[in-house]
Amino acid sequence: MKPTTRDAYWLMHQGALALNELTANGIAIDTGYCRRQEDKLSDEISSLKQKLLKTKEFKTWKNIYGQSFNIKSNKQLGDVLFNHMGHTPIKFSDDEGKNPSVDKEALETLDIPMVKVLVRLRKTRSARERLRGIMRETVDGFMHPFFGLHLMVSYRSQSSRMNFQNMDKRDKRKKKIVRRSLCARPGRQLGEFDYGQQEVRVAACTSHDPVLIDYIVNEGDMHLDMAMEIYLLDEDEVSYEARDCAKNRFVFPEFYGDWYKTCTKNLWEGIGEMSVCTKSGTPMKEHLRDQGIKSYKQFEKHLQGVEDRFWHERFKVFDAWREDLWRSYLKWGYVDLVTGFRCYETMKKNECLNRPIQGPAFHCLLWTIIQLNKHIKKQKMDTLMVGQIHDSGIADIVPDECDDFLHSIVQIGTLDIREHWDWLIVPLEVDFGLSPIDGSWYDKEDYEL
DNA sequence: TCGTTCACGC
DNA sequence: GACGTACGTGAACGAA
């Protein structure tokens with residue numbers, strides 16, 4: 001770690017102390033629920049296994065491997081499916097192209113009934129392992145996940161035992177199973193505050209791109225605009241799914257350094273996976289045909305144009321900033337963060353370009369947590385910070401203190417912080433989620449202040 | 001022990 | 001014109 005300013009050193013020092021307080025505080029665990037749920041999942045895993053063993057794919061598998069048959073071996077699975085049963089691999093894991101991939105995505109495109117059960121088995125097992133991990137790290141009803149600032153090259157944070165930063169969220173069933181076990185202390189509420197689009201805001205601040213700044217200041221919807229361009233739609237014809245695909249399969253990947261070819265693939269597949277339609281209900285591929293895009297190749301060509309305009313017209317200042325940054329790194333061998341750190345590592349281009357955005361975005365959260373902890377102590381509050389996930393913080397809140405606490409977050413996290421760091425030239429936004437009294441992380445609901 | 005693959009988060 | 005998500009943890013397998 002190379003802090004180059006007093007402020008940067010202070011941030012790491014106070015940050016480490018604050019994060020260790022979160023660890024010491026710990027989060028309450030419903031251990032009875034964990035044990036019951038573990039048993040339930042074990043039963044389900046057994047019956048899924050029974051179901052699998054009856055399929056013809058598994059009979060073949062057992063015949064081939066005999067004694068060494070192992071249902072958890074993906075190597076064996078790939079061998080059976082692709083070498084013995086004649087299925088065609090969809091994608092390959094390594095550079096040589098030798099090992100056919102058997103991950104979720106590859107399996108789902110195979111259209112064999114057995115894989116549905118197998119995917120379900122994997123998910124159920126991973127949910128159970130997560131609960132087991134939580135129980136293993138729980139002492140007297142509290143889990144104390146570690147948060148580190150000293151191991152990462154990215155200037156973000158890291159978490160372990162349990163890793164608090166990758167609890168299930170996207171898969172609804174697993175989200176419920178896992179987050180239901182993380183609770184508020186008796187008589188309290190679990191609350192979460194999230195910075196909204198923090199990385200985009202930091203990107204605007206570091207690059208000074210006027211279009212990016214305008215989107216934020218005037219609360220424009222860049223994902224909507226890109227959906228219109230990608231799918232050739234009028235504003236009022238952009239459906240939720242279309243906007244969602246534009247956001248997660250084009251805009252974000254592009255900002256992380258991806259390019260139109262992979263984006264095209266993901267967008268094209270997304271149309272099928274998410275049944276993307278226009279708002280009035282026309283299937284997207286049909287709509288694209290009407291617009292003259294009749295094949296994958298034509299769609300790719302179209303996306304090449306979209307990407308070109310994205311970087312060379314819409315966000316050309318940001319694009320130029322990135323090119324300058326890369327040239328500077330090649331010349332001097334380091335890249336500086338606005339928060340006062342200097343990165344000397346050997347970096348690939350995308351690593352170099354992302355570091356000045358990801359690190360400072362997290363530093364905003366870190367600064368806020370430090371100040372919040374100070375505020376809590378000064379006011380002699382009993383509310384406790386208990387966790388942190390890159391751009392969000394989790395607290396165990398005393399209901400009487402809730403209002404003051406949330407207002408303090410807005411004050412510190414969006415206003416005071418801009419007094420402290422003048423490089424923050426756009427407004428910041430914080431969203432809240434709150435559980436009922438005695439609720440769990442799963443019960444959290446959006447909360448308007 | 002260690003590299004690879006898988007799966008999860010931002 | 002070529003190049004091309006970033007950052008993490010952890011479990012399991014299987015080769016060394």
Side-chain angles (χ1 to χ4, degrees), chain A residues 68-79 91-96 98-107 118-119 121-130 132-134 136-137 145-149 151-171 174-175 177-179 192 194-200 202-203 248-266 304 307-308 311 322-323 326 343 345 347-362 365 387-394 441:
Chain A
S68 59
F69 167 80
N70 183 348
I71 198 168
K72 289 184 196 169
S73 170
N74 288 325
K75 195 175 189 302
Q76 291 182 15
L77 174 63
D79 184 42
K91 62 171 187 177
F92 295 89
S93 348
D94 68 347
D95 292 338
E96 312 286 310
K98 273 189 228 155
N99 293 335
S101 173
V102 289
D103 68 9
K104 186 165 153 290
E105 193 201 342
L107 287 182
L118 187 60
V119 168
L121 175 67
R122 280 184 183 175
K123 283 188 175 184
T124 310
R125 194 186 273 132
S126 96
R128 185 182 65 177
E129 290 314 308
R130 194 84 71 175
R132 284 182 173 168
I134 290 170
R136 190 163 56 235
E137 295 296 338
F146 289 79
F147 298 100
L149 292 174
L151 293 173
M152 70 307 171
V153 294
S154 60
Y155 291 83
R156 301 213 303 191
S157 67
Q158 141 288 332
S159 170
S160 63
R161 297 167 62 187
M162 282 286 285
N163 181 352
F164 190 72
Q165 296 177 323
N166 68 347
M167 297 295 182
D168 301 69
K169 184 170 190 180
R170 295 189 108 194
D171 183 303
K174 289 176 71 177
K175 175 183 178 181
I177 292 170
V178 174
R179 296 192 178 213
E192 181 165 1
D194 270 79
Y195 273 109
Q197 303 187 66
Q198 188 64 4
E199 290 195 1
V200 178
V202 169
N248 292 316
R249 300 179 188 232
F250 184 82
V251 177
F252 282 153
E254 284 284 346
F255 272 104
Y256 281 134
D258 208 351
W259 69 319
Y260 74 94
K261 285 213 177 190
T262 24
C263 290
T264 304
K265 183 173 170 284
N266 292 329
Q304 189 177 7
E307 182 190 62
D308 188 61
W311 291 124
R322 294 208 299 192
E323 288 309 317
W326 178 237
C343 308
E345 295 79 27
M347 289 178 265
K348 291 184 279 188
K349 189 173 181 183
N350 284 337
E351 291 171 336
C352 172
L353 301 183
N354 280 299
R355 204 135 307 178
I357 297 172
Q358 285 187 326
F362 165 67
L365 176 77
Q388 164 270 129
I389 316 177
H390 304 307
D391 65 354
S392 76
I394 290 87
W441 200 8

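These numbers were taken from a predicted model, which means no experiment stands behind them.
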> Counting distance alone, no hydrogens or angles: does the base of dA6(C) have a donor or acceptor under 3.5 Å from a partner atom on the side chain of Glu351(A)?
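By the distance-only test, no, there is no pair.
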> Can you build the contact string for nucleotides 8-15 of chain C? Use B for base contact, S for sugar-phosphate-only contact, and - for no protein heavy atom under 4.0 Å.
BBSSSSSS
> Restricting to side chain to side chain donor-acceptor pair (under 3.5 Å), what partner residues turn up for Ser157(A), sequence neighbours left out?
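So Ser157(A) forms a side chain to side chain donor-acceptor pair (under 3.5 Å) with Gln165(A), Gln388(A).
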> For Arg128(A), give me all partners under side chain to side chain donor-acceptor pair (under 3.5 Å), at least two apart in sequence or on another chain.
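Expected list: Ser42(A).
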> With sequence neighbours excluded, what pairs up with Ser154(A) under the side chain to side chain donor-acceptor pair (under 3.5 Å) test?
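Ser154(A) satisfies side chain to side chain donor-acceptor pair (under 3.5 Å) with no residue once adjacent residues are dropped.
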> Tell me every residue that passes side chain to side chain contact (heavy atoms under 4.5 Å, CB included) with Lys169(A), counting only those two or more places apart in sequence or in another chain.
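Counting only residues at least two positions away or on another chain, Lys169(A) forms a side chain to side chain contact (heavy atoms under 4.5 Å, CB included) with Arg179(A).
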> Applying salt bridge (charged side-chain N to carboxylate O under 4.0 Å, His left out), can you list everything that pairs with Asp194(A), at least two apart in sequence or on another chain?
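Partners of Asp194(A) by the salt bridge (charged side-chain N to carboxylate O under 4.0 Å, His left out) criterion come out as none, since no residue qualifies.
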> Can you list the steps and then say if Asp171(A) with Lys175(A) is a side-chain contact (heavy atoms from CB on, under 4.5 Å)?
CA-CA 6 Å; Asp171(A) 183 303; Lys175(A) 175 183 178 181; over 6 Å; no
> For DNA chain C, write out the stems as range with range, using runs of 3 or more consecutive Watson-Crick or G-U pairs with both distances under 3.5 Å.
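Detected stem regions: B:1-9 with C:7-15.
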> Using the test salt bridge (charged side-chain N to carboxylate O under 4.0 Å, His left out), find all partners of Glu192(A) that sit at least two apart in sequence or belong to another chain.
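For Glu192(A), the residues satisfying salt bridge (charged side-chain N to carboxylate O under 4.0 Å, His left out) (neighbours in sequence not counted) are Lys444(A).
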> Between Ser101(A) and dC6(B), is there a contact of a side-chain N or O with OP1 or OP2 at under 4.0 Å?
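Checking dC6(B) against Ser101(A), a side-chain N or O does come within under 4.0 Å of OP1 or OP2.
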> For a quick check of understanding: with a heavy-atom distance under 4.0 Å over all strands, which category does Lys261(A) fall into, base, sugar-phosphate or nothing?
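Lys261(A): no heavy atom of the nucleic acid under 4.0 Å.
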> Does dC6(B) have OP1 or OP2 under 4.0 Å away from a side-chain N or O of Arg122(A)?
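For Arg122(A), the contact criterion (side-chain N or O under 4.0 Å from OP1 or OP2 of dC6(B)) is not met.
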> In whole angstrom, give me the gap between the C1' atoms of dG9(B) and dT5(C).
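15 Å, rounded to whole Å.
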> Are any of Lys169(A)'s side-chain N or O atoms less than 4.0 Å away from OP1 or OP2 of dC8(B)?
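Checking Lys169(A) against dC8(B): no side-chain N or O falls below 4.0 Å of OP1 or OP2.
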> Under the rule for side chain to side chain donor-acceptor pair (under 3.5 Å), what residues qualify as partners of Trp311(A), not counting sequence neighbours?
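Only Glu254(A) meet the side chain to side chain donor-acceptor pair (under 3.5 Å) criterion with Trp311(A).
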> Checking all strands, does Lys349(A) fall into the base, sugar-phosphate, or nothing category for heavy-atom contacts under 4.0 angstrom?
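Touches nothing.
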